[in-house]
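Every chain is numbered from 1 and lettered A, B, ... according to where its sequence line falls, protein lines coming before strand lines.
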Number of protein chains: 2
Amino acid sequence: MKEELQRFEQFLHTKGLRMTPQRRIIAETLFATHHHIDAETLCDMVRGRNRSVSRATVYRTLSLLVESKLLDGRDYGHGYKQYEHVIGHEHHDHLICSVCGKVLEFTNESVERLQQEILDEHGYAPETYSLVIHGVCPDCRTDAPAGGAASSSAH
Amino acid sequence: MKEELQRFEQFLHTKGLRMTPQRRIIAETLFATHHHIDAETLCDMVRGRNRSVSRATVYRTLSLLVESKLLDGRDYGHGYKQYEHVIGHEHHDHLICSVCGKVLEFTNESVERLQQEILDEHGYAPETYSLVIHGVCPDCRTDAPAGGAASSSAH
DNA sequence: GTCACTGCAAAAGATTTGCACACTT
DNA sequence: AAGTGTGCAAATCTTTTGCAGTGAC
C-alpha cells in the first residue's frame with residue numbers, strides 16, 4: 001500500500017495536483033480495504049477517521065484514483081459502483097449471483113489466456129480488462145443442489 | 001418475436017397480471033430492436049407510437065420483462081442500464097471500449113465452454129450468465145495501431 | 001497573488017413510488 | 001365491487017457541480 005500511495009502521489013504530481021490530507025486518508029482507507037467497497041461505505045469509513053472530509057471530496061478522489069489506474073470501479077448490478085484497487089491483487093475475475101448479488105472472485109489461467117486472445121483478435125488493447133460472469137450461486141440454487149465441486153469452498 | 005410476446009403474456013398470466021396495450025407496445029418495440037437499448041431511448045420509441053405511454057410504465061414493464069427472463073439489463077459502465085432480449089439471439093459476449101464506451105458483441109466457443117467450466121467448478125447454475133471484457137478499441141488506441149484483424153469491421 | 005482544494009448545498013440523471021383515476025372481470 | 005394498470009408528479013438514490021472561502025507555493 002506504500003507503493004500505491006507513492007504511485008498516487010506521483011500521478012498527482014504529474015498532473016500538477018497535490019497530495020492533500022483528505023486525499024491521503026481516502027487513498028489509505030481504500031488501499032487498506034481488500035474487498036469491493038462502494039463510495040458511501042468508504043465515505044463512512046473515512047469520516048470515522050476525519051469528520052471533516054466531505055462526500056464530494058471522496059467522489060472526486062475516487063475519480064482521480066480511477067484515472068490513475070490504481071483503482072477500478074464498476075457497477076456489478078447493484079445500482080452503484082464498487083471499487084477495488086488493482087496493485088498487489090492478482091488479476092481475478094468475478095462471479096456474481098443473479099439472486100443474492102454476492103460477488104465471488106476467482107482466478108482462472110485459461111480465462112486469462114482466452115481474454116488476451118479475444119482482445120488481440122479484435123485489435124483491442126488489454127487495458128483494464130475484466131470478466132464478469134453471472135450465475136446462480138450454490139446457496140441460491142433451488143434446482144440441482146450443486147454437483148459436488150461446490151461444497152468445498154462454498155462459504 | 002411472436003414467441004417472446006407469447007411467453008411474456010404467459011408469464012403475466014401466471015402471475016395474475018394482464019397484457020395491456022402499453023405493455024404490448026413496449027414489449028413489441030423492445031423485441032423488434034436488436035441492439036442494446038436504454039430505458040430513455042425505448043421510452044422515446046414507444047412514445048413515438050403511442051404518446052400516452054408514460055415513462056413510469058416503461059420502467060415498470062422493463063422490470064417485468066427482466067423478471068420473466070426474456071430480457072437482460074446491465075450497466076456497461078455508462079451510468080444507466082442497457083437492455084437486450086435473450087431469445088433468438090445466439091449467446092454472445094461483450095467487449096467494451098474503456099475510452100469511447102462502444103459495446104462490441106462477439107461470440108467465442110472456447111469462452112462458452114470455459115464459462116460453463118467455471119460455473120460448474122464453483123457450483124453456480126448458468127442462468128443468465130454473461131461475460132464482459134474491457135479494453136481499448138482499435139479506434140481509440142494510441143499505442144500500437146492494431147495488428148490487422150481490426151480493420152475489417154471497425155466502427 | 002495565483003491556482004488548486006475543500007465543504008456545503010444544490011443540481012443532475014436514472015429509476016422508483018404515492019396517489020387518484022381508469023379499466024377489466 | 002375488487003383488483004390491476006396507468007399517468008403524473010414527487011421522491012429517491014447515487015454521483016456531480018457551482019460557489020465562496022481556505023490554503024499551499
Exam field: side chain [X] to backbone [Y], donor-acceptor pair closer than 3.5 Å:
X      : Y      : value
B/H85  : B/A27  : no
B/R18  : B/L12  : no
B/R141 : A/G123 : yes

When you get a sec, tell me which of [options] is the closest nucleotide to the side chain of [X]?
X     : options              : value
A/A56 : C/dT6, C/dA9, D/dG7  : C/dA9
B/Q22 : D/dT6, D/dG3, C/dT6  : D/dT6
A/R18 : C/dT15, D/dT4, C/dC3 : C/dC3

When the distance from [atom1] of [X] to [atom2] of [N] is rounded to whole Å, what number comes out?
X     : N      : atom1 : atom2 : result
A/L65 : D/dT15 : CG    : P     : 15 Å
B/H13 : C/dT24 : NE2   : P     : 17 Å
B/I25 : D/dT6  : CD1   : P     : 11 Å
A/R60 : C/dA4  : CZ    : C1'   : 11 Å
B/R55 : C/dG13 : CZ    : C1'   : 11 Å
A/M19 : C/dA4  : CE    : C1'   : 15 Å
B/L17 : C/dT25 : CG    : P     : 13 Å
B/K81 : D/dT14 : NZ    : P     : 13 Å

For this session: Scan residues 33-45 of chain B against DNA chain C and write down, sorted by residue number, each residue with any heavy atom closer than 4.0 Å; if none is found, say none.
Result: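 Contacts with DNA chain C under 4.0 Å: B/A39.
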Exercise. Do the side-chain N or O atoms of A/T20 get closer than 4.0 angstrom to the phosphate oxygens (OP1, OP2) of D/dG23?
Worked result: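 For D/dG23, OP1/OP2 do not have a side-chain N/O of A/T20 under 4.0 Å.
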Exercise. Are any non-hydrogen side-chain atoms of A/K69 and A/F11 less than 4.5 angstrom apart?
Worked result: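 With C-beta onward as the side chain, the pair stays apart.
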For this session: Go through the N and O atoms of the side chain of B/R51 and the base of D/dG7, and report whether any donor-acceptor pair is under 3.5 Å.
Result: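 No.
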Exercise. Across the strands shown, which category fits B/R23 at heavy-atom distances under 4.0 angstrom: base, sugar-phosphate, nothing?
Worked result: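 Here B/R23 touches the backbone only, sparing every base.
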For this session: Using a 4.0 Å heavy-atom cut-off across all strands, classify B/Y59 as base, sugar-phosphate, or nothing.
Result: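 Base contact.
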For this session: Return yes when atom NE2 of A/H13 has more than 12 non-hydrogen atoms of other residues, nucleotides or ligands closer than 6.0 Å, and no otherwise.
Result: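 Open.
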Problem set entry | Given DNA chain D, 5'-ward residue of the pair B/V53 and B/G16, judged by closest heavy atom |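 Looking at the nearest nucleotide for each, B/G16 comes out on the 5' side.
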Exercise. Between B/T29 and B/T33, what is the shortest heavy-atom contact and its length?
Worked result: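 Heavy atoms only, the tightest pair is O-OG1, 2.8 Å.
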Exercise. Under 30°, 30 to 60°, or over 60°: which ring-plane class applies to B/H36 and B/H92, parallel, tilted or perpendicular?
Worked result: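 Perpendicular: the ring planes of B/H36 and B/H92 meet at over 60°.
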